[in-house]
J.: 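Handing you a structure now.
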Amino acid sequence: MPESLALPNDFEWGFATAAYQIEGAVKEGGRGPSIWDTYCHLEPSRTNGANGDVACDHYHRYDEDFDLLTKYGAKAYRFSLSWSRIIPLGGRLDPVNEEGIEFYSKLIDALLRRGITPWVTLYHWDLPQALHDRYGGWLNVEEVQLDFERYARLCFERFGDRVQNWITINEPWIQAIYGYATGSNAPGRSSINKHSTEGNTATEPWLAGKAQIMSHARAVAVYSRDFRPSQKGQIGISLNGDYYEPWDSNEPRDKEAAERRMEFHIGWFANPIFLKKDYPESMKKQLGERLPALTPADFAILNAGETDFYGMNYYTSQFARHLDGPVPETDYLGAIHEHQENKDGSPVGEESGLAWLRSCPDMFRKHLARVYGLYGKPIYITENGCPCPGEENMTCEEAVNDPFRIRYFDSHLDSISKAITQDGVVVKGYFAWALLDNLEWSDGYGPRFGVTFTDYTTLKRTPKKSALVLKDMFAARQRVKVAA
Ligand code: PNW
């Protein structure tokens, strides 16, 4: 293997999941409902009839699942805590559910016993329903950041003796846009979705964005002041965002469109969080008064702590074409059209098992360089993966044979290696999405991202080939001798 494909010996790697997608047991152990419980039980269904009531039943089967991690050779495991298991009503004055704390404590100990490092996400889209009902949840910027701060502090207090890697929020963009602009995720608010009865796509996503920025900032401030010095851990946030190239590479307006699209995806959050700067100019210009200002008081909170790393969730890339004419108030992409083929008809990448996901490893490498160049923090890939073409309709025997996924992992690891050895990007870890097939949100139980096949009738787990080859891929890359 050439030197360009090396990975550092201390490179962290493992698999990722999220609470609502795998746990089930939604009414056990004193858990309160979240906005996803409500959303999955709406009539008519907005999730293909699917819900997380049982999911993978990880709540009762975590030991078996962690044995899989051992078998796969994982060094680390990323999972999320269900806020409403820990504080069923969510708020800063509401009671703590000791049974919920106990459950996650057992989980953490079960990982440590196996020598696997826990990576804990505090929030992966499952806001306590009570906070949504009480004051509008993520739409109430002032209230929700205080409740999130208390929740975060409680987690640092109870788990921080054993957990040294924290992710505050998973993909605030998806929470804000799918939850409040398109209405395709909980809480399903939108003024452009025929299934939504409430919402305002022109204004609400931008409030939900600010609420998450400030919630992150408060958690980081608390960690920096009261916990990092003694617990010696690190804290970051996981941002999604595709890489964009111009649809017409000879058209300056398409080049601007590509950059603007990435500002709307990433700069929205990364400017305030990593640079302690205002939102990108392109957003301020397009959204005007609808973008809630970051005030000097907000910057005091943002400046009170340091975010240690950039968690990157990367799946795919696209082409951006500038939009002619007036921009509708409901636009959230930055006045562009998204394409999977460029002007010459070249596809951005190979098709996977989901329409939105093409395999684009070369653009991943550019993405890594762009993000590191702009924000300058060590990057951990906190999600990367895909369903194979046709996998949705395969039997277990067919699905365990997954060469497409193996190639996807290998080519994306190549890009990480090259970004490190040739582009000077600091990438320190990689989490494959996902440990096992699980509830793919509004797409239900169709798409299978797992390296483990889940039979949703028997709940039997069967390792796919991809699960067993990752260990060797990392070992080979870490064996490469690098000239001093
Ligand atoms: C992420 N897109 O979501 C989430 O963090 C996971 O919970 C999820 O299962 C995984 O990716 C696979 O989808 C995304 O449409 C959902 O570009 C949609 C998109 C990106 C990420």
Side-chain angles (χ1 to χ4, degrees), residues 15-23 34-36 39-40 47-48 50 52 55-56 58 78-82 119-127 167-179 181-186 212 236-244 261-262 264-266 269 311-320 332-333 336 338-340 348-349 351-360 363-364 367 380-388 391-392 405 408-409 412 430-452 454:
F15 300 88
T17 62
Y20 190 68
Q21 295 181 275
I22 64 166
E23 281 183 4
S34 80
I35 54 174
W36 268 98
Y39 189 72
C40 285
T47 56
N48 288 322
C56 304
H58 174 75
R78 172 180 179 230
F79 64 103
S80 80
L81 309 179
S82 153
W119 280 67
V120 175
T121 307
L122 293 174
Y123 183 78
H124 200 123
W125 306 352
D126 44 359
L127 187 80
I167 293 163
T168 54
I169 296 179
N170 181 72
E171 301 186 350
W173 190 91
I174 297 271
Q175 174 65 88
I177 298 299
Y178 287 23
T182 67
S184 50
N185 273 7
Q212 293 179 91
I237 184 167
S238 288
L239 300 181
N240 64 297
D242 304 348
Y243 189 76
Y244 288 80
R261 177 70 189 93
M262 294 187 276
F264 270 69
H265 235 150
I266 294 170
F269 305 100
M312 177 187 285
N313 290 1
Y314 174 84
Y315 289 94
T316 196
S317 294
Q318 301 188 61
F319 295 111
Y332 51 84
L333 298 177
I336 67 120
E338 299 184 321
H339 294 277
Q340 292 184 323
V348 72
E351 285 179 46
S352 72
L354 269 174
W356 61 264
L357 202 167
R358 302 277 189 126
S359 177
C360 315
M363 282 158 85
F364 179 37
H367 191 53
Y380 288 88
I381 309 305
T382 43
E383 286 180 25
N384 178 241
C386 64
C388 302
E391 190 171 0
E392 215 162 297
R405 180 175 289 106
Y408 182 96
F409 286 147
H412 285 73
Y430 178 91
F431 293 86
W433 183 270
L435 172 61
L436 65 172
D437 295 336
N438 60 62
L439 174 64
E440 181 53 17
W441 305 108
S442 52
D443 283 339
Y445 291 100
R448 293 179 173 274
F449 274 87
V451 296
T452 311
T454 309

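We use all heavy atoms of the structure for the numbers below, so side chains are in, but hydrogens, waters and symmetry mates are not. For ligands, and for the atoms within them, numbers begin at 1 and follow the listed sequence. All values reported here derive from a predicted model rather than from experimental measurement.
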J.: Heavy atoms, side chains only, cut-off 4.5 Å: are Glu440 and Gln21 in contact?
T.: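 The answer is yes, as the side chains (C-beta and beyond) meet within the 4.5 Å cut-off.
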J.: Please list, chain by chain and in numerical order, all residues satisfying salt bridge (Lys or Arg N to Asp or Glu O under 4.0 Å) with Glu392, sequence neighbours excluded.
T.: none
J.: Taking side chain as C-beta onward, heavy atoms only, is Trp433 less than 4.5 Å from Tyr315?
T.: yes
J.: Using side-chain contact (heavy atoms from CB on, under 4.5 Å) as the criterion, list what pairs up with Ser442, not counting sequence neighbours.
T.: Thr47, Asn185
J.: If the condition is salt bridge (Lys or Arg N to Asp or Glu O under 4.0 Å), which residues does Arg405 pass it with, not counting sequence neighbours?
T.: Glu391, Asp402
J.: If we only count heavy atoms from C-beta on, is the Arg358 to Thr316 side-chain gap below 4.5 Å?
T.: yes
J.: For each nitrogen or oxygen atom of ligand 1, which protein N/O atoms lie closer than 3.5 Å, and how far apart are they, rounded to 0.1 Å?
T.:
unit_1: ligand 1; atom_1: 3 (O); unit_2: Glu171; atom_2: OE1; d: 3.1
unit_1: ligand 1; atom_1: 5 (O); unit_2: His124; atom_2: NE2; d: 3.3
unit_1: ligand 1; atom_1: 5 (O); unit_2: Asn170; atom_2: ND2; d: 2.9
unit_1: ligand 1; atom_1: 5 (O); unit_2: Glu171; atom_2: OE1; d: 3.4
unit_1: ligand 1; atom_1: 5 (O); unit_2: Glu171; atom_2: OE2; d: 3.4
unit_1: ligand 1; atom_1: 5 (O); unit_2: Glu383; atom_2: OE1; d: 3.0
unit_1: ligand 1; atom_1: 5 (O); unit_2: Glu383; atom_2: OE2; d: 2.9
unit_1: ligand 1; atom_1: 7 (O); unit_2: Gln21; atom_2: OE1; d: 2.8
unit_1: ligand 1; atom_1: 7 (O); unit_2: His124; atom_2: NE2; d: 2.9
unit_1: ligand 1; atom_1: 7 (O); unit_2: Trp441; atom_2: NE1; d: 2.8
unit_1: ligand 1; atom_1: 9 (O); unit_2: Gln21; atom_2: NE2; d: 3.0
unit_1: ligand 1; atom_1: 9 (O); unit_2: Trp433; atom_2: NE1; d: 3.2
unit_1: ligand 1; atom_1: 9 (O); unit_2: Glu440; atom_2: OE1; d: 2.7
unit_1: ligand 1; atom_1: 11 (O); unit_2: Tyr315; atom_2: OH; d: 3.2
unit_1: ligand 1; atom_1: 11 (O); unit_2: Glu383; atom_2: OE1; d: 3.3
unit_1: ligand 1; atom_1: 13 (O); unit_2: Glu440; atom_2: OE2; d: 2.5
unit_1: ligand 1; atom_1: 15 (O); unit_2: Tyr178; atom_2: OH; d: 2.9

